Structures are given as structure tokens and as C-alpha cells.
Engineer: 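I have a structure here, written as C-alpha cells, and I will follow up with some questions on it.
Order of appearance sets the numbers: ligands from 1, and atoms from 1 within every ligand. Please read all numbers here as calculations on a predicted model, not as lab measurements.
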Amino acid sequence: MGRKLVIVMVGLPARGKSTMARKLGRTLELDGIRVRIFNNGELRRQLDTNANTSSSEFFSPANVQGREMREQISRMNIEKAQAFLADGGEVAIMDASNVTRERRQTIAAAFPGVPLCCLECLNADEEALEANLERKARLKEFRHLPPEKALESFVKRIAYYESISEPLDTEPNRILVDSFDSCILQEQITEVLPYYDRIRDIITTRVVRNLFLVRHGETVYNREDRIGGDSELTDKGLEQAKALAEHFATVRIPIIFTSNYTRTLQTASPIAERQDPCSIIALPEFNEIHAGVCEGMTYEEIRQKMPHVAKARGPNKYRYVYPGGEGYKTMEERVHRGLKKVFFLNNYDENIMIVGHRAVNRMILSSFLSRQEEEIPYIYMPQDCYYHIQVDPHKRIFELIAYRNVTSGW
Ligand code: F6P
């Protein structure tokens, strides 16, 4: 059996195609396979000397010049992929919308004798799609436009693609993937495809290159041992945020995910300021456990005034739910949903940072560590260290790293 394969990504813009392509490319590479991604959008941006290909009208099917340039870019990438495969390359990933049958047939005809697999990405999660559109509208190619205009232009571009889109049906090998949930929705494979078992494994497995899991700096409530609330960072907390910013100044962090609370936003903001560019995305899914009737109380006050709470929570901390609030168990679903958003939105970048809270970070860490339920609410989550997490099919690494600035006073 030959070992060459062409993967044709298919799908409307902002459906997670490039993230999936990078995840496939990177993991196959780790397996020792010679793989390369040919991305039409990147090539268009490189060739675009007068920056007018980001306008929605460039993508209008009625724009003959625009259409010709997009076809030309596709041909250029096909030629590069042909050369790559002829020179010992094994897997070529054609990363573009490829929404028309004609385009897919052109690609198939360009690789005689090499099996071709169409991989369509869709995302039925409205919230994640919206967040992804907003993220895209902040990209460099829209910098000349105010954010609402950029979003409008991008939405119009998608509508143009939608108007010419044709479903996968006659293609002999096709997989439909939900890129938000990382699951295979449909597949039809009519020949033996090299690497196919591995490809299915990669599609459905979470791969994390570098996740920096940070807890917010010290707050007024932390100092008083109070739980919940939305208090601000203390001077020491602000120093910790500055030290974090210094620590990560030479590490590229394109997006920092936080909760909606002041303390995570205050911690993330100096880190973002030292990066170029970096956006902060606040996700309600990462808000700290809600302690219901105990919000704002100290642990001592709970013991004194609500002994039944302290008594019931102690032996069963994971499953215990605060009256009128949450428990670790009941947070599970939302935190996992937040993580899915993170992986969908981060575009399979090298580095992801999450600035979260004690309980939320324990849940996030445990989703990689497979810890026993009863251990999770006791995972060490200090404020002068962060967790560095790397997970791929070849390894799983968790490191607790101190970022404390020895010259500062805390
Ligand atoms: O004390 C800070 C805090 O984030 C509280 O807001 C939260 O209730 C608590 O930690 C979670 O930790 P534990 O589950 O150990 O009480």
C-alpha cells in the first residue's frame, strides 16, 4: 500500500478547519510522517500587497477578479503540494474552504494515484461560533477596520461562501467532524487509506501543546480567608500579576482566557500588555464555584454560623453542593464546556493561557490528570506558581513552576 495521502479540508470560514489541520499535521509529524499544510488564506495574505483581499467583496461570487485570484492561489498550493509529495512528502493537507464540488474535483485530478480524503468541519455550537467570529475579526487582516465593521465584513464573507457551498456527496472518502466537540459525525471511506486509524484518533483526542494554568493573584478576600465574591487584587496580588507578565514576556501568548471576575482580569491584563498582540477572552464557564449562602464568608464563619455546611462538605467535598450554590460535581459540565471553547478558539496555537480560580483550576487540571473524584478538591493550587501542561499521544507532562520574582517583596 502506498503511504501517500491528500487530506482536503472542507467547510465554511471559522468552523475550526485550520485548528484541525494543525492538530493533524503536528501529531502525524510526531509519528515521524512527512506532512505539510498548504493554507490558501495564508498564501492570499502573503500575496496581498495592497491589502484589499480582506474585504468581503473580494469573496463575492460575482467578483470575477476575486474568483480568479482565489483559484490561482488554490492552483499555486496544489503545485506546491505536488512538489512536496514528489519529493518524499507523505501527507499533504489542503487547508481552505474547498466548498465547491468543482474545486474538490480539481484537487482530486491533480493527484492521480494518491488517495484523497475530504474532511469537513462543522460547528453547531452557536456561542463558540460567535466567539470565533469575534476572534477572527480581531486578526491582523482586519486591523484597518473598527471591530463592528470587521465582524460585519467577515459575516458577509461567510454568507458568500455559503451561497456557493455544495455538500460532500460524490467524494469517495469523506468524514464529517464536529470541530467543537471533537467528534466524528459521519464517515464514508471506500478504499484503504493510509494513516486512517491514526487520523480518527487525532480528530477525537485532545492535544495540548503548552497550556499555562495560572491562578489569579492574591485578593482582599484571600487575605481575609473569605470565599467567593468579586474582590480586587491586593498590592501583593498586583505584584504577582506583574511578576507573571515579566515571566511570560518572552513566551508568545496570543489569547488569555479568564473568568468574568475582576481578579482574573486584573491578573491577565499586565500579562497581555507585555504581548503583541494578545487578546483576553473572559468565559463565564471559568467563574469560580458559587458558594451560595456562604458567599463572602470566611471558612471560620462557616464553621461557626453554618456548622451543618462545614460538617457535610468535609467528608464529601466533591459532591457537596452549597445551599443556593454549586459544588465541584455540578461545575463539571460548565468547566469542560469552557475548555472545549478554549481549544476551539485557540486555533491550535503553541501556547494557551488560562487565568482561573482555585476550584475551577482544580477541575481543569483534573480533566488532564484523571485524578480520583475525592482527590480533586484538594489539588494544590498556589498563587505563586502555575501549572505547565503538555499532552499529546506521545506524552503527558505536568509541571508546577514558580514564577516568584525573587527581587520583589512577597
Ligand atoms: O478562597 C478562594 C476560593 O477561590 C473561593 O472563592 C472558593 O470557594 C474556594 O477557593 C474553593 O476552594 P475549596 O473548595 O477548597 O473551598
Engineer: Enumerate the atoms of ligand 1 whose separation from the nearest heavy atom of I289 is less than 4.0 angstrom.
Structural biologist: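 So the atoms of ligand 1 that pass are 7 (C), 8 (O).
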
Engineer: What protein heavy atom is closest to atom 3 (C) of ligand 1, reported as residue, atom name and distance in Å?
Structural biologist: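 Here the closest protein heavy atom is E288 OE2, 3.5 Å.
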
Engineer: Who's the nearest protein heavy-atom neighbour of atom 14 (O) of ligand 1, and how far?
Structural biologist: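 I find the closest protein heavy atom is Y328 OH, 2.6 Å.
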
Engineer: For the pair F343 and F368, name the ring-plane relationship: parallel under 30°, tilted 30 to 60°, perpendicular over 60°.
Structural biologist: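 Plane angle over 60°, so perpendicular.
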
Engineer: With a 4.0 Å cut-off, would you call K242 and E239 a salt bridge?
Structural biologist: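 Salt bridge: yes.
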
Engineer: Looking only at protein heavy atoms, which one is nearest to atom 6 (O) of ligand 1, and what is the separation?
Structural biologist: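 Ranked first by proximity to atom 6 (O) of ligand 1 is G228 N, 2.8 Å.
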
Engineer: Compare R358, K317, H216 and give the one whose heavy atom is closest to atom 15 (O) of ligand 1.
Structural biologist: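 The option holding the nearest heavy atom is K317.
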
Engineer: Using non-hydrogen atoms of the residue, decide whether H290 is closer than 4.0 angstrom to ligand 1.
Structural biologist: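 No; H290 lies far enough from ligand 1 that no heavy-atom distance drops under 4.0 Å.
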
Engineer: Between R200 and Y195, is NZ or CZ placed under 6.0 angstrom from the six-membered ring centre and within 45° of the ring axis?
Structural biologist: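 Here R200 fails the 6.0 Å and 45° test against Y195.
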
Engineer: Should Y299 be listed as contacting ligand 1, given a heavy-atom distance under 4.0 Å as the test?
Structural biologist: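 Per 4.0 Å heavy-atom rule, Y299 contacts ligand 1.
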
Engineer: Which of the atoms of ligand 1 are close to R215, meaning less than 4.0 Å from one of its heavy atoms?
Structural biologist: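 Those of ligand 1 that fall under 4.0 Å from R215 are 2 (C).
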
Engineer: Under 4.0 Å, heavy-atom basis, I'd like to know which part of E295 is in contact with ligand 1: side chain, backbone, both or neither.
Structural biologist: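 The answer is neither; E295 stays 4.0 Å or more away.
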
Engineer: Taking NZ, NE, NH1 and NH2 as the nitrogens, is one of them in K341 or D125 under 4.0 Å from a carboxylate oxygen of the other?
Structural biologist: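 No.
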
Engineer: Please determine if E171 and R101 form a salt bridge, counting it only when a charged side-chain N lies under 4.0 Å from a carboxylate O.
Structural biologist: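 Looking at E171 and R101, the cut-off is not met.
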
Engineer: Assess whether a salt bridge exists between E120 and K17, defined as any Lys/Arg side-chain N lying under 4.0 Å from an Asp/Glu carboxylate O.
Structural biologist: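 Looking at E120 and K17, the cut-off is not met.
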
Engineer: Can you tell me which portion of D225 lies within the under-4.0 Å heavy-atom range of ligand 1? Options are side chain, backbone, both, or neither.
Structural biologist: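 Contact part for D225 vs ligand 1: neither.
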
Engineer: Fit a plane to each ring of H247 and Y403, take the angle between them on a 0 to 90° scale, and name the class: parallel (under 30°), tilted (30 to 60°) or perpendicular (over 60°).
Structural biologist: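 Perpendicular, since the angle between the ring planes exceeds 60°.
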
Engineer: Need the ligand 1 atom indices (1-based, order shown) with element for anything under 4.0 Å from a heavy-atom of R313.
Structural biologist: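 Result: 13 (P), 14 (O), 16 (O).
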
Engineer: State whether the shortest distance between N or O atoms of R362 and N or O atoms of ligand 1 falls below 3.5 angstrom.
Structural biologist: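 Yes, there is a polar N/O contact under 3.5 Å.
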
Engineer: Over 60° means perpendicular and under 30° means parallel, so classify the ring planes of Y161 and F59, tilted if in between.
Structural biologist: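 Plane angle between 30° and 60°, so tilted.
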
